[in-house]
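Whatever order the structure lists ligands and atoms in, that order sets their numbers, starting from 1. Keep in mind that the numbers below use all heavy atoms, side chains included, and drop hydrogens, waters and symmetry copies.
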Amino acid sequence: MVNLHTSIGSFQFNNVLMNASGVHCMTAAELDEVAQSPAGTLVTKSGTLQPRDGNPAPRYASLELGSINSMGLPNKGFRYYLDYAIAFQAAHPDRPIFLSIAGTGPADYAEMAAVIQASDFTGLTEFNLSCPNVPGKPQIAYDLTTTEHILDDLFKVFKKPAGIKLPPFFDLAQFDAMAALLNRYPLTFINSINSLGNGLAIDAATDTALILPKGGFGGIGGAYAKPIALANVRAFRQRLRDDIAIIGTGGVTTGRDVYELILCGASLVSLGTVLQEEGLPAFTRLTQELEAEMTAKGYATIQDFQGQLKTL
Ligand SMILES: Cc1cc2nc3c(=O)[nH]c(=O)nc-3n(C[C@H](O)[C@H](O)[C@H](O)COP(=O)(O)O)c2cc1C
């Protein structure tokens with residue numbers, strides 16, 4: 001029998017799998033369903049200061065090897081998710097939960113952080129610094145100076161366990177610079193990666209972009225993202241302080257994909273496009289496939305192979 005127990009800081013989880021923010025987590029009913037699945041934990045949709053309708057549809061499309069989306073951060077407002085998380089922890093004291101937060105401008109982060117700090121929430125807060133889909137706004141995490149200002153302001157008010165969600169990086173100098181910056185802050189975790197920003201997919205029958213917002217440009221998830229996600233988790237694991245855990249996100253469609261993200265150093269693995277496409281049964285299938293892979297490799301626990309990638 002293999003054991004999928006894992007931990008982040010002092011938080012314990014009985015399965016490495018969770019949903020990725022934005023998928024099956026918009027409403028309390030959806031969050032409850034993830035909680036009742038085999039997932040080890042759950043994260044809310046990224047909440048903003050005010051509720052948002054997001055971009056006009058069609059804003060998500062399935063692709064041959066994944067998905068494209070430009071949702072525009074539709075959400076019920078961060079207070080809705082904060083209330084849910086506080087009620088959840090009261091009902092399930094042994095099941096830590098993640099609250100995801102997104103700013104529509106740099107000042108929003110510290111403002112929401114102050115409210116969470118003053119609340120009864122005792123779980124983990126994920127500050128999403130990678131939101132590719134608000135038209136006209138750059139991705140914060142691609143701007144080191146803005147990222148530094150946000151983190152400075154944030155950690156002045158926020159003393160609870162915190163992490164950040166990062167976009168993919170593609171250059172070793174970017175990994176060096178971002179990791180050096182992040183190592184200066186009391187982060188409990190990072191989550192890597194968000195969607196590959198600004199892809200384009202075209203309907204072959206009509207020669208038309210598949211989604212409406214932004215002239216068809218949108219974030220790419222699913223199998224397309226896997227090599228990038230592996231590299232990002234690996235690169236940050238090699239550069240971040242040991243006490244900053246990594247949630248591996250991106251490109252999971254099989255148990256082997258989950259295994260490889262752990263091999264690169266992930267402590268938890270989240271499911272985006274595969275959960276959107278297959279629904280909650282994805283948790284059962286991937287749990288079984290991960291257990292089979294671990295058994296085939298002779299491993300009994302996650303810690304047996306976490307971060308143990310071999311190189312030539
Ligand atoms: C429909 C949709 C909505 C998303 N919304 C969010 C979000 O609100 N916050 C966030 O941090 N990431 C969001 N993401 C990104 C996912 O959490 C994940 O990082 C990305 O899809 C890569 O994982 P995947 O390859 O498993 O899809 C969203 C992704 C999709 C497909």
What residues form a side-chain contact (heavy atoms from CB on, under 4.5 Å) with Thr273, not counting sequence neighbours?
-> Tyr60, Ser67, Glu277
May I ask you to check whether Lys214 and Asn198 show a side-chain donor-acceptor distance below 3.5 Å?
-> yes
Are the aromatic ring centres of Phe189 and Phe98 under 6.0 angstrom apart?
-> yes
Does an N or O from Gln276, backbone or side chain, lie closer than 3.5 Å to an N or O of ligand 1?
-> no
Tightest non-hydrogen contact, residues Cys25 and Tyr81, listed as O-CE2, 3.7 Å
Between Gln306 and Ser267, which heavy-atom pair has the shortest distance, and what is it?
-> NE2-OG, 2.9 Å
Nearest-neighbour protein heavy atom for atom 18 (C) of ligand 1, which is reported as residue plus atom name and distance | Thr249 CG2, 3.6 Å
Picking from Ile8, Val233, Leu124, what satisfies side chain to side chain contact (heavy atoms under 4.5 Å, CB included) with Ile247?
-> Ile8
Distance filter under 4.0 Å to Ser21 heavy atoms, resulting ligand 1 atoms | 4 (C), 5 (N), 6 (C), 7 (C), 8 (O), 9 (N), 10 (C), 11 (O), 12 (N), 13 (C), 14 (N), 15 (C), 16 (C), 17 (O), 28 (C)
So the atoms of ligand 1 within less than 4.0 Å of a heavy atom of Gly251 turn out to be 24 (P), 25 (O), 26 (O)
Which is it for Thr273 and ligand 1 at heavy atoms under 4.0 Å: side chain, backbone, both or neither?
-> both
Is there a donor-acceptor pair closer than 3.5 Å between any side-chain N or O of Arg285 and the backbone N or O of Glu278?
-> no
Contacts of Glu293 meeting salt bridge (Lys or Arg N to Asp or Glu O under 4.0 Å) (sequence neighbours excluded), chain-then-number -> Arg256
Would you say Ile193 contacts ligand 1, with heavy atoms under 4.0 Å as the rule?
-> yes
Numbered in order shown, the ligand 1 atoms found under 4.0 Å of a heavy atom of Gly250 are 22 (C), 23 (O), 24 (P), 25 (O)
Regarding Ser21 and Asn128, is there a side-chain donor-to-acceptor distance under 3.5 Å anywhere?
-> no
Thr48 pairs by side-chain hydrogen bond (donor to acceptor under 3.5 Å, both in side chains) with which of Thr104, Asp108, Asn75?
-> Asn75
N/O separation below 3.5 Å, Val274 to ligand 1 | no
When distances are taken from atom 12 (N) of ligand 1, the protein heavy atom at minimum range is Lys165 NZ, 3.0 Å
Tell me which protein heavy atom sits closest to atom 26 (O) of ligand 1, plus the residue, atom name and distance to 0.1 Å.
-> Gly272 N, 3.0 Å
So, is Asn69 polar-close to ligand 1, with some N/O to N/O distance under 3.5 Å?
-> no
Going by the order shown, which atoms of ligand 1 are within less than 4.0 Å of some heavy atom of Gly222?
-> 24 (P), 25 (O), 27 (O)
Worked check of salt bridge (Lys or Arg N to Asp or Glu O under 4.0 Å) between Glu30 and Lys45 = CA-CA 10 Å; Glu30 288 181 341; Lys45 172 69 185 174; over 6 Å; no
When the ring centroid of Phe305 is compared with that of Tyr259, is the distance short of 6.0 Å?
-> yes
N/O separation below 3.5 Å, Ser46 to ligand 1 = yes
Looking only at heavy atoms, is any part of Asn194 under 4.0 Å from ligand 1, and if so is it the side chain, the backbone, or both, or is it neither?
-> both
Atoms of ligand 1 under 4.0 Å from any heavy atom of Asn128, numbered from 1 in the order shown, are 9 (N), 10 (C), 11 (O)
Heavy atom of the protein closest to atom 21 (O) of ligand 1 (residue, atom name, distance) = Ser195 OG, 3.9 Å
Going by distance only, is there an N or O of Ala225 that falls short of 3.5 Å from an N or O of ligand 1?
-> no
With respect to atom 5 (N) of ligand 1, which of Lys45, Met26, His24 exhibits the smallest heavy-atom separation?
-> Lys45
Starting from atom 3 (C) of ligand 1, which protein heavy atom do you reach first, and at what distance in Å?
-> Gly22 O, 3.6 Å
